[in-house]
Amino acid sequence: MPAAFSKCYDPSGSQYGIPTYPWRYAPDGLATRRQLRARGLRPGGQPIAAQVLRPRYRRGPLVAYLYRLDRAKPVRPMTPGKRAALAKAMRARRTCPQCRTDAGYVIPTSIGLCVPCAFPDTSIPAPVHDTPRRG
């Protein structure tokens, strides 16, 4: 095991307080939140079982917390009310506050308006080609 990984290897938890493993060396039966979600599971209130550390150059290590698979619970199904609230919120993010139309994309918060409302005089005409295109 390389020297950088040996700093992250603490299966007893004496150095970091919880068992710690190098990146990609976690034992079977443990998973991150994303890995649980990919399997249709959630931590379900269980405490963090271990962590994975990935050393980085000139910065602190990346940390991923691990949860036990055998104590994970299934993801709760989305209710009709939650689905409707989520659709309403996404519709609000796509609606331009000036022209009140659905832009078809999420309006950038840096602009705050749809592109035609934010930049009305910068309509660039389509390029005209004198020669026929090959292709």
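Just so it is clear, the model here is predicted, and its values are computed rather than measured.
- In this structure D102 satisfies the side-chain hydrogen bond (donor to acceptor under 3.5 Å, both in side chains) test together with R94, sequence neighbours excluded.
- Listed here is the closest heavy atom pair of P108 and Y105: CD-CE1, 4.4 Å.
- The line from OG1 of T95 to NZ of K88 is 11.5 Å long, rounded to the nearest 0.5 Å.
- Linking Ile, Leu, Val, Met, Phe, Trp and Tyr whenever their side-chain heavy atoms come within less than 4.5 Å leaves V115 and V106 in two separate clusters.
- For D70, the salt bridge (Lys or Arg N to Asp or Glu O under 4.0 Å) partners two or more places apart in sequence, or in a different chain, are R68.
- Evaluation of the side-chain contact (heavy atoms from CB on, under 4.5 Å) rule for T32 yields R34, Q35, A64, L66 as partners, not counting sequence neighbours.
- Looking at Y9 and Y21, their side chains come closer than 4.5 Å, going by heavy atoms from C-beta outward.
- A donor-acceptor pair is defined here as one N or O able to donate and one able to accept, closer than 3.5 Å; no such pair exists between the side chain of T20 and the backbone of Y16.
- Around CZ of R56, the count of heavy atoms belonging to other residues, nucleotides or ligands within 6.0 Å exceeds 12.
- M78 belongs to a hydrophobic cluster with L86, counting contacts under 4.5 Å between side-chain heavy atoms of Ile, Leu, Val, Met, Phe, Trp and Tyr, direct or through other members.
- Not counting sequence neighbours, the partners of R39 by the side-chain contact (heavy atoms from CB on, under 4.5 Å) test are L41, L69.
- Checked against side-chain contact (heavy atoms from CB on, under 4.5 Å), P43 has the following partners two or more places apart in sequence or in another chain: R33, L36, Q46, Y67.
- Evaluation of the salt bridge (charged side-chain N to carboxylate O under 4.0 Å, His left out) test over residues 105-118, restricted to residues two or more places apart or in two chains, returns none.
- Residues C117 and C99 come closest through the heavy atom pair SG-SG, 3.5 Å.
- Among residue pairs with one or both ends in residues 12-28, none qualify as salt bridge (charged side-chain N to carboxylate O under 4.0 Å, His left out); sequence neighbours excluded.
- Counting heavy atoms from C-beta on, the side chains of C96 and I107 come closer than 4.5 Å.
- Cluster partners of Y57: none. The rule joins Ile, Leu, Val, Met, Phe, Trp and Tyr whenever side-chain heavy atoms lie under 4.5 Å apart, and it links nothing here.
- When the salt bridge (Lys or Arg N to Asp or Glu O under 4.0 Å) test is applied to R42, no partner is found at least two apart in sequence or on another chain.
- With sequence neighbours excluded, no residue satisfies side-chain contact (heavy atoms from CB on, under 4.5 Å) with A85.
- Residue I18 is grouped with residue V63 when hydrophobic side chains (ILVMFWY) are merged at heavy-atom distances under 4.5 angstrom, including chains of intermediate members.
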